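One structure below.
Bear in mind the structure is a predicted one, so any value in this text is a computation, not a measurement. Every heavy atom of this structure was used, including side-chain atoms; hydrogens, water molecules and symmetry mates were not.
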Amino acid sequence: MGRGDTALPLLALLVVVSPWQAAAAAAGNGTAAGGGTPWVPALLVFGDSIVDTGNNNDVLTLTKSDFRPYGKDLNGGVPTGRFSNGRIPTDLLASRLGLKDLVPAYLGTDLTDDDLLTGVSFASGGTGYDPLTSTLVAVLPMQEELNMFAEYKEKLAGIVGEEAAAGIVAESMFLVCAGTDDIANNYYLAPVRPLQYDISAYVDFLVQQACDFMKQLYQQGARRIAILGLPPIGCVPSQRTLAGGLARDCDPARNHAARMFNSRLQAAVARLQGELRCQRIGYVDIYDVLHDMITDPCKYGFDVSTRGCCGTGEFEVSLLCNQLTAATCPDDRKYVFWDSFHPTERAYEIIVDYLFPRYVEKLL
């Protein structure tokens with residue numbers, strides 16, 4: 001075959017391979033872990049402990065989970081800093097996107113080129129949209145997560161060049177999950193914000209902070225952003241213990257705050273789509289599916305939904321959920337919650353399977 005005979009096949013290859021796929025292939029990452037082409041080049045994650053894969057390991061804070069029994073069903077039982085017994089939504093979404101089974105934390109990890117090309121988590125357990133929330137527990141504020149993302153882009157450009165790096169960022173999926181700690185651990189536990197805002201005004205403040213965060217992501221090149229709403233905070237085991245009375249019922253005030261935030265965030269995202277002329281910024285509702293799992297656990301194959309698997313399950317979280325003072329349940333697959341604040345891997349699997357076709361696929 002002469003030189004002229006190779007031109008058409010090469011041209012066809014250039015037509016069907018996007019710039020990020022070509023760059024990834026050149027760097028040795030042309031296909032997903034399972035061998036197929038991934039939906040997006042990378043998953044980039046921001047937020048709190050629901051999506052923190054270990055950044056807090058590298059932060060001087062008490063809000064940690066890099067000790068047993070955390071991670072007992074993952075990585076041979078070696079704790080990774082994930083606030084659950086196994087994989088968390090960050091990992092499960094990456095798997096569904098065809099990228100990889102585990103998403104590394106940006107901090108404290110010896111990241112390879114492949115890690116950077118396919119995505120990392122910048123999330124910090126305990127943080128929130130309100131800057132005060134992260135200050136209260138000495139974790140990374142959301143603004144610092146954005147700063148780390150800017151640094152990440154420089155590293156990415158060093159691997160594939162600035163143009164290809166910009167293409168990877170533009171086509172990647174961005175996941176934002178925050179707000180629960182703002183309501184549960186700041187507004188309802190700390191004395192400052194209730195003196196400054198009633199709950200409605202505070203929710204407005206949080207929604208504005210969330211919108212500002214998405215705008216900053218957009219300005220830094222993001223074009224596919226999935227932002228999660230809040231769960232039924234009042235039904236989380238720790239919140240039942242704090243505000244549910246002797247019967248540990250769901251707290252209606254916290255659930256009302258979560259629903260208020262969700263409805264206002266959803267409306268704000270719709271406005272932002274028009275303002276930025278970007279239809280791939282999407283609100284993801286997690287309230288309904290988790291509330292249904294809590295109120296009707298048997299429907300999903302669970303036995304227990306009012307307390308976690310760790311210790312009594314009523315207040316143990318982070319340092320209080322440890323192998324010295326808190327025994328774990330015999331079968332965590334029968335529990336919706338792992339500790340008093342975070343779901344089990346199995347609960348997360350059900351949630352991600354529910355959300356992916358209803359919300360995430362529409363942003364792809």
Side-chain angles (χ1 to χ4, degrees), residues 45-75 77-91 105 107-109 121-128 130 132-142 144-145 177-190 230-231 233-243 248 254 290 306-329 332 335-345 347-348:
V45 184
F46 303 79
D48 56 26
S49 58
I50 300 300
V51 289
D52 180 2
T53 57
N55 285 301
N56 276 14
N57 298 353
D58 206 50
V59 177
L60 190 60
T61 177
L62 296 179
T63 307
K64 291 180 178 288
S65 59
D66 56 342
F67 45 84
R68 295 175 176 170
Y70 284 101
K72 78 177 190 66
D73 299 317
L74 177 68
N75 196 33
V78 178
T80 61
R82 288 166 172 80
F83 289 80
S84 189
N85 62 298
R87 294 202 294 168
I88 60 175
T90 312
D91 309 306
L107 294 180
T109 306
S121 171
F122 304 98
S124 178
T127 199
D130 183 349
L132 178 60
T133 301
S134 57
T135 301
L136 291 172
V137 289
V139 298
L140 302 176
M142 297 288 282
E144 181 58 26
E145 295 185 22
C177 173
T180 300
D181 291 289
D182 294 314
I183 300 293
N185 299 330
N186 185 344
Y187 191 84
Y188 281 109
L189 284 186
L230 299 185
I233 299 172
C235 294
V236 170
S238 64
Q239 305 306 297
R240 287 175 179 264
T241 303
L242 288 169
R248 298 185 63 255
R254 286 164 169 77
L290 184 53
T306 61
R307 53 187 174 86
C309 170
C310 185
T312 65
E314 297 181 1
F315 62 87
E316 293 89 349
V317 65
S318 191
L319 293 180
L320 295 178
C321 175
N322 64 81
Q323 64 178 357
L324 297 178
T325 64
T328 56
C329 61
D332 54 55
Y335 283 67
V336 174
F337 290 94
W338 163 247
D339 59 21
S340 69
F341 205 78
H342 306 94
T344 56
E345 177 181 20
Y348 280 141

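Under the 2.5 Å cut-off for SG-SG separation, Cys309 and Cys329 qualify: their sulfur atoms lie closer than that.
Legend: residues meeting side chain to side chain donor-acceptor pair (under 3.5 Å) with Ser121, ordered by chain and number and at least two apart, are absent. Partners of Asn322 by side chain to side chain donor-acceptor pair (under 3.5 Å), not counting sequence neighbours, listed by chain and number: Thr325.
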- Message: Checking Arg82 against Ser65 for the side chain to side chain donor-acceptor pair (under 3.5 Å) test, could you report, in this order, the C-alpha distance in whole Å, the side-chain angles of both residues, the deciding distance, and whether it holds?
- Response: CA-CA 6 Å; Arg82 288 166 172 80; Ser65 59; over 6 Å; no

- Query: Ser124 and Asn56: side chain to side chain donor-acceptor pair (under 3.5 Å), yes or no, with the steps?
  - Reply: CA-CA 6 Å; Ser124 178; Asn56 276 14; 2.6 Å; yes

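Side-chain atoms of Asp91 come within 3.5 Å of backbone atoms of Ile88 as a donor-acceptor pair (strictly under, hydrogens ignored). Using modelled atom types, no side-chain atom of Asp48 and backbone atom of Gly128 make a donor-acceptor pair closer than 3.5 Å. Remark: side-chain polar atoms of Thr241 are paired, donor with acceptor, to backbone N or O of Glu314 under 3.5 angstrom.
The CG atom of Leu189 sits 9.5 Å away from the CG atom of Leu136 when rounded to the nearest 0.5 Å. Here the CZ atom belonging to Arg307 is positioned 4.0 Å from the OH atom belonging to Tyr335, to the nearest 0.5 angstrom.
With Tyr70 as reference, Asp339 is the one residue of Asp339, Thr80, Asn85 to meet the side chain to side chain donor-acceptor pair (under 3.5 Å) rule. Considering Thr135, Asp181, Thr133 in turn, Thr133 is the only one that fulfils the side chain to side chain donor-acceptor pair (under 3.5 Å) rule with Asn186.
Atom CG of Leu324 has more than 12 neighbouring heavy atoms from other residues, nucleotides or ligands inside a 6.0 Å radius.
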